[in-house]
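The figures that follow rest on heavy atoms only: side chains count, while hydrogens, waters and symmetry mates do not.
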Amino acid sequence: MDEQALLGLNPNADSDFRQRALAYFEQLKISPDAWQVCAEALAQRTYSDDHIKFFCFQVLEHQVKYKYSELTTVQQQLIRETLISWLQAQMLNPQPEKTFIRNKAAQVFALLFVTEYLTKWPKFFFDILSVVDLNPRGVDLYLRILMAIDSELVDRDVVHTSEEARRNTLIKDTMREQCIPSLVESWYQILQNYQYTNSEVTCQCLEVVGAYVSWIDLSLIANDRFINMLLGHMSIEVLREEACDCLFEIVNKGMDPVDKMKLVESLCQVLQTAGFFSIDQEEDVDFLARFSKLVNGMGQSLIVSWSKLIKNGDIKNAQEALQAIETKVALMLQLLIHEDDDISSNIIGFCYDYLHILKQLTVLSDQQKANVEAIMLAVMKKLTYDEEYNFENEGEDEAMFVEYRKQLKLLLDRLAQVSPELLLASVRRVFSSTLQNWQTTRFMEVEVAIRLLYMLAEALPVSHGAHFSGDVSKASALQDMMRTLVTSGVSSYQHTSVTLEFFETVVRYEKFFTVEPQHIPCVLMAFLDHRGLRHSSAKVRSRTAYLFSRFVKSLNKQMNPFIEDILNRIQDLLALSPPENGYQSLLSSDDQLFIYETAGVLIVNSEYSAERKQALMRNLLTPLMEKFKILLEKLMLAQDEERQATLADCLNHAVGFASRTSKAFSNKQTVKQCGCSEVYLDCLQTFLPALSCPLQKDILRSGVRTFLHRMIICLEEEVLPFIPSASEHMLKDCEAKDLQEFIPLINQITAKFKIQVSPFLQQMFMPLLHAIFEVLLRPAEENDQSAALEKQMLRRSYFAFLQTVTGSGMSEVIANQGAENVERVLITIIQGAVEYPDPIAQKTCFIILSKLVELWGGKDGPVGFADFVYKHIVPACFLAPLKQTFDLADAQTVLALSECAVTLKTIHLKRGPECVQYLQQEYLPSLQVAPEIIQEFCQALQQPDAKVFKNYLKVFFQRAKP
C-alpha cells in the first residue's frame, strides 16, 4: 500500500496529505484487486494505526456494496474468510478495537450477510457464534453485527428499491424459519451471563432484543423466563433504562387485541407489585422519562385494543379493556404533572388518546369527569414558564419548552371537545382569581392565566371569531374575562411575557370591542405608550407594531373618533431613521412598515371628506419625499461604498413605506375616490429619478419597481405617462436578473391596459428584445451553473412576455416590427419550443404558437405566415417531443406536450384539409413514418374531441422513441 498516502488518514495531517489519501481511496475503489491488499492487511493485522484499519474496512465495504457480483467464487470466499479471521483475532487482542472500527466492521458483516445469506452463507450466524461463544469481546461484535443487520433489513429511514425490499422480506422469512430461535437463545444466555458483571454488553443485548422483537415471533420473548429477567433488570440501576425501552418495544408489537390486553395487564401487575408505580419515591429523572414512555406505550396499546374490539363488536372484552385503561389513569396523571417536562411530554400521547375515548362515550361516570378535570388542572399547571426560562436570549431549552407547550395545547383542544363547559369554567376560575391579585402574583402565573384565555379561542372554535354571539353562557363568560383583562390594569405588568400575551389576546378577541367599544381608548393607549410601541424591550415593540396594525385594520369602523390623535401620537415612529447620526430609532424598518400601513388604513377608512383624506395622506408622505430628495443627492456625492449602501438602504425604505400605505386602498375605497391620486403621483415623480442613479442600482431599481407595480394597481391609467421614461432607465446596463424582474412589470401593464399601451409597447418592443438577446448571447463559463440558471429564467421571462402580448390581443405589436424582426422573433419561439430542454418554457412557446396560428393562420393572415407554419411550426411539434431530453414521464413535460397537441389542432382548424394533405404526403413520410401510422395519426387529428388527440399524441411519441 502507498504508505505516504496513508499518512493523510490521520485527522491531524495537513491538507495536501489528506487530499492524497482521498485520491488513493478513489483509486483503490476503482482498482479490481486493491481490496485484496486491504483484506490481507486486516487478516494479518499489518497495521496498528486505527485510521488505516478503518480505511481498509471502507475499501472492503465499497467492494461488497457495489462490485460483489464481479468477483469470482474464490474471491468471494476470500472476503468471508478475511472477516472471520479478523473476528477470531479480536478474541485474542489484548485491547479491544476502537468503537468506530467495531461499528464499521459490523456494517461490512451486515452487507455481506444480506448479499450472501440466502445463497452462499446460510450458516452465517452459526459461524459467527461458534467463533465468539461467550467471550465478552466477541459478544460485543456479535451484537453490533445484529444491530447493523436490523438496520439493513428493517430501518424505515433507509430508502430501499422494490428489489431490495423483496429480498429483505425473504431474508426475514428465512431467518424466522432457520435461526431466530437459536439467536433468541443466544441473547438469553448473554443476558444471564453478563447481567451482573458487564452492564455494557447487557444493555447492547437488550437493545438487540428491542429491535428484533418487532418482526420475530413474540412468544419467543414474551414468556416467563425472559420477562422475569427483564423485570429483574428494572431494579438494576445501570440496566433499567435499557430494560424499560426493551419492554416498551415488546408492548408496542402489533398483535391480537385480547392477547395484547393480557400481556399489558400481566406486565403492569408485576411492575406495580415491584413498586414501580410509586413515582414520588423515584429520584432518577432519566429513568422516569423512559418509564413514562413505557407507560405511554402500555396505555396506547390498550386503547388500540379497545378500538379494535369495539369495531369487531366484542363488547365484553372492550369493557375489560376500558377498565384496564381506567386503572392506569392515576399513574398517567402523576407522570403528566411531573415537574420534569421530558417525563410529562412522554405520556401526552396516552393522555390525548384517553380523552379521545371519553369523547366517544355518551355518558361519563363521576370518576371519568374527575379525570378530565385532573388532566385540565395538570395542563394548566404545566403550561407555566419556570424561573429559569430566558426570555432575552432563548436557547435550546427554551425552544424545547415552546415545543412542549404546543403538545399541551393539543391536549387542551381535545379537552374542549370532551367537555367545553368544564374547560370554560376552569379557565374562568383560574383567570379571575389570578387577575384579581395580579400585582402580587408571579409573572408566570399571570402569563398563563391570560394565555389560557387566548387558547380558548382555538379550543372553542366559532366561525369568523364570533365568540361574543350565539351560545349565551359561553359568550358572557368570554366577555367577562375580556372586560377584566382590559380594565384590570394588567397591561402595566412589568414582564415582557405578560405584556405580549395581553396584546396577543386583545387582537385575537377583537370582536369583543364591537360589543363593548367603550374599552377601545384604553387599549389604544396601551398600544401607543411605554406598554407597547414604546416598551423598553425591542422584542415587545416589534411584535406590538404588527399587532397594532391588525387591531386597527379589524376595528377600522370603530376608529373614527381617534384617528387624528393616533396619527399625532405615532408621528415620531414614522421618522425615516437617517443613516448618519447613529440615532437608534425605536422600531426597525420592517416594524415601521406596519405603522405606515396602519396610518394608511386609518386615513383611507375614515369618514372624512376626500379633501381631508388628501391633506392627511400628504402630511404622511411629504416628509418621506423631502427626505428622499436629500438622501438621493447625498448618495450621488458619496465616495465610500459602505456609506453608499447605507444611503441606498434608507432610500429603499422610504419607497417601501410609501408603497405600504397604498395597501389600505380597495375597490370600495380607491385612490381616486379618496382624492389621493395627486399625492402618489408626486411620490412617483420624486422616486423615479433614482432609476438614473449609477450607484447601488440593484437596490434602488428593485424598490422603485415594486412601487410602480403598486401604482399600476392604485393609480390605473394616471400612471401611464411615467412608464416610458422609467422603462428606458431600467433597460440601461441590464443584467439577466434586472430584465427578469422588469418583464413582469411590462406584463402587468400589457395585461391591464391592453390597447391603451399599444403605441408604447410597439416603440419599446425591439429595445427590450435587444437587451434580452444581448444578455442571452453573452459567453459564460461552461460549468457556471448560476449563470446558466439565470439565462434559463430570463428565457422563460421573455417567452412569458410574448405570451402576455399575444394573449392580450396585441399581436399587432409584433406584426408592426418589420418583416425581418418579426421573423427573428418567430424563430426564437421555435427555438424555445424545440432546442432548450426546459418544459416550462416549451409549454409557453407552444401556447404562443397556437395563439399566433389562431390569429394569423387563416386565409387573410400576414403574407408568408402560412409558409412559416409548414416550414417551422409543424416540424417543431414533432422535433420537440422526439428529443431525448423530452421526458414523457415528467409532469411538466406532459403539459408541454398537451400544448403541442393544441398547436397541431389549431393548425388543422385554420388550414383544414390542406394541413392533413401536407402531413400525409410530405412531412410524415420525410420522417420515415409507416403509412398505416400516418393514416392513424391524421384520423386522430381530425377527431372533434381535442382530448382524444392529446392522448393519442402521447402514445404516438412513446412508440416513436427508442
Legend entry - Side chain to side chain, V813 and T806, heavy atoms closer than 4.5 Å: no
Legend entry - Nearest heavy-atom neighbours spanning Q740 and E790: OE1-O, 3.7 Å
Inset, instruction - Would you sort out whether D838 and R796 count as a salt bridge (charged side-chain N to carboxylate O under 4.0 Å, His left out), showing the intermediate values? - result: CA-CA 9 Å; D838 174 5; R796 282 184 192 176; 2.9 Å; yes
Legend entry - Nearest heavy-atom neighbours spanning F865 and V853: CE2-CA, 4.0 Å
Legend entry - Any side-chain donor near an acceptor of the partner, S677 and E718, under 3.5 Å: yes
Inset, instruction - Evaluate side chain to side chain contact (heavy atoms under 4.5 Å, CB included) for Y546 paired with D591, printing each intermediate quantity in order. - result: CA-CA 7 Å; Y546 162 70; D591 301 333; over 6 Å; no
Inset, instruction - Determine, step by step, whether K663 and V601 satisfy the side chain to side chain contact (heavy atoms under 4.5 Å, CB included) criterion, reporting the C-alpha distance in whole Å, the side-chain angles of both residues, the deciding distance to 0.1 Å, and the verdict. - result: CA-CA 8 Å; K663 287 188 94 169; V601 167; over 6 Å; no
Inset, instruction - Decide if atom NZ of K791 counts as having more than 12 heavy atoms of other residues, nucleotides or ligands within a radius under 6.0 Å. - result: yes
Legend entry - Reported CG-to-OG1 distance for the pair L715 and T670, which is rounded to 0.5 angstrom: 10.0 Å
Legend entry - Side-chain donor or acceptor of D738 paired with backbone N/O of E735 under 3.5 Å: yes
Inset, instruction - State, without any angle test, whether T903 and S850 hold a side-chain donor-acceptor pair at a distance under 3.5 Å. - result: yes
Legend entry - Which atom of C734 lies closest to which atom of R701, heavy atoms considered: SG-NH1, 4.4 Å
Legend entry - For I907 against V869, the heavy-atom pair lying closest together: CG2-CG1, 3.8 Å
Inset, instruction - Would you indicate whether the side-chain heavy atoms of V671 and M711 approach each other to under 4.5 Å? - result: no
Legend entry - Check: Q920 side chain, I934 main-chain N or O, donor-acceptor pair, under 3.5 Å: no
Inset, instruction - Please say whether more than 12 non-hydrogen atoms of neighbouring residues, nucleotides or ligands are located less than 6.0 Å from NZ in K668. - result: no
Legend entry - Spacing of CG belonging to L849 relative to CD belonging to E899, to within rounding of 0.5 Å: 10.5 Å
Legend entry - Flag for Q762-S758: side-chain donor and acceptor within less than 3.5 Å: yes
Inset, instruction - Return the minimal non-hydrogen interatomic distance between Q842 and A833, and the atom names on each side. - result: NE2-O, 3.0 Å
Inset, instruction - Can you measure from CD (Q792) to CD (Q785) and round to the nearest 0.5 angstrom? - result: 11.0 Å
Inset, instruction - Assess whether side-chain hydrogen bond (donor to acceptor under 3.5 Å, both in side chains) is satisfied between S659 and R710, documenting all intermediate values. - result: CA-CA 7 Å; S659 276; R710 290 286 320 144; 5.9 Å; no
Inset, instruction - Starting from the C-alpha separation in whole Å, work towards a yes-or-no answer on side chain to side chain contact (heavy atoms under 4.5 Å, CB included) for F628 and V655. - result: CA-CA 8 Å; F628 188 90; V655 181; 3.5 Å; yes
Legend entry - Donor-acceptor pair between N556 and S554 side chains, under 3.5 angstrom: no
Legend entry - CA sep, side-chain torsions, deciding dist, call: Q942, H908, side-chain hydrogen bond (donor to acceptor under 3.5 Å, both in side chains): CA-CA 8 Å; Q942 291 171 78; H908 175 248; 4.7 Å; no
Inset, instruction - Please work out whether the ring planes of Y918 and Y870 are parallel, tilted or perpendicular, with thresholds of 30° and 60°. - result: tilted
Legend entry - Distance-minimising heavy-atom pair for L720 and P724: O-CD, 3.3 Å
Inset, instruction - Sort and list the pairs that fulfil salt bridge (Lys or Arg N to Asp or Glu O under 4.0 Å) and have at least one residue in residues 741-770, not counting sequence neighbours. - result: R705-E741, E716-K752, K737-E741
Inset, instruction - Check whether more than 12 heavy atoms from other residues, nucleotides or ligands sit under 6.0 Å from atom CD of E820, and answer yes or no. - result: no
Inset, instruction - Might you work through the side-chain hydrogen bond (donor to acceptor under 3.5 Å, both in side chains) test for T885 and Y836, ending with a clear yes or no? - result: CA-CA 9 Å; T885 48; Y836 302 107; over 6 Å; no
Legend entry - Nearest-0.5 Å distance, CD1 of residue I830 to SG of residue C845: 8.5 Å
Inset, instruction - Anything under 30° is parallel, anything over 60° is perpendicular, the rest tilted; go ahead and classify F956 against Y952. - result: tilted
Inset, instruction - Kindly indicate whether the side chain of M730, heavy atoms from C-beta on, has any atom under 4.5 Å from the side chain of L708. - result: yes
Inset, instruction - Fit a plane to each ring of Y680 and F665, take the angle between them on a 0 to 90° scale, and name the class: parallel (under 30°), tilted (30 to 60°) or perpendicular (over 60°). - result: perpendicular
Inset, instruction - For a side chain to side chain donor-acceptor pair (under 3.5 Å) with E914, tell me which candidate from Q917, K910, R911 qualifies. - result: R911
Legend entry - salt_bridge(E607, R612) N-O dist < 4.0 Å: no
Inset, instruction - Look up atom CD in Q644 and atom CD in E641, then write down how far apart they are to the nearest 0.5 Å. - result: 6.0 Å
Legend entry - K613 side chain near S606 side chain, heavy-atom distance below 4.5 Å: yes
Inset, instruction - Measure the shortest side-chain to side-chain distance between L635 and C693 over non-hydrogen atoms and say whether it is less than 4.5 angstrom. - result: yes
Inset, instruction - Go through R618 and D682 one step at a time and tell me if the salt bridge (charged side-chain N to carboxylate O under 4.0 Å, His left out) criterion holds. - result: CA-CA 10 Å; R618 195 168 280 291; D682 288 352; 3.0 Å; yes
Legend entry - Salt bridge flag under 4.0 Å for residues E597 and K553: yes
Inset, instruction - Count the heavy atoms of every other residue, nucleotide or ligand shown that sit under 6.0 Å from NZ of K961, and state whether that count exceeds 12. - result: yes
Legend entry - Parallel, tilted or perpendicular, as decided by the 30° and 60° cut-offs, for the rings of Y596 and F657: parallel
Inset, instruction - Mind checking the CG-CD spacing from L897 to Q958? Nearest 0.5 Å is all I need. - result: 9.0 Å
Inset, instruction - Verify the neighbour count for atom CD of Q763: are there more than 12 heavy atoms of other residues, nucleotides or ligands below 6.0 Å? - result: no
Inset, instruction - Find out whether the Lys NZ or Arg CZ of R778 is both under 6.0 angstrom from the six-membered ring centre of F773 and within 45° of the ring's axis. - result: no
Legend entry - Contact check, side chains of L953 and C900, non-hydrogen atoms, under 4.5 Å: yes
Inset, instruction - Kindly state each residue pair satisfying ring-ring contact (aromatic ring centres under 6.0 Å, His included) with at least one member in residues 747-766, sequence neighbours excluded. - result: F765-F801
Legend entry - Flag for N747-T750: side-chain donor and acceptor within less than 3.5 Å: no
Inset, instruction - Taking the side chain as every heavy atom from C-beta outward, state whether V902 and K950 have any pair of such atoms under 4.5 Å apart. - result: yes
Inset, instruction - Show your reasoning for whether side chain to side chain contact (heavy atoms under 4.5 Å, CB included) applies to F957 and F886. - result: CA-CA 10 Å; F957 285 115; F886 200 88; over 6 Å; no
Inset, instruction - Answer yes or no: does atom CD of E823 have more than 12 heavy-atom neighbours from other residues, nucleotides or ligands under 6.0 Å? - result: no
Inset, instruction - Keeping the roles fixed (side chain from K905, backbone from Q943), state whether a donor-acceptor pair exists under 3.5 Å. - result: yes
Legend entry - Heavy-atom side-chain proximity of F742 to L768 below 4.5 angstrom: yes
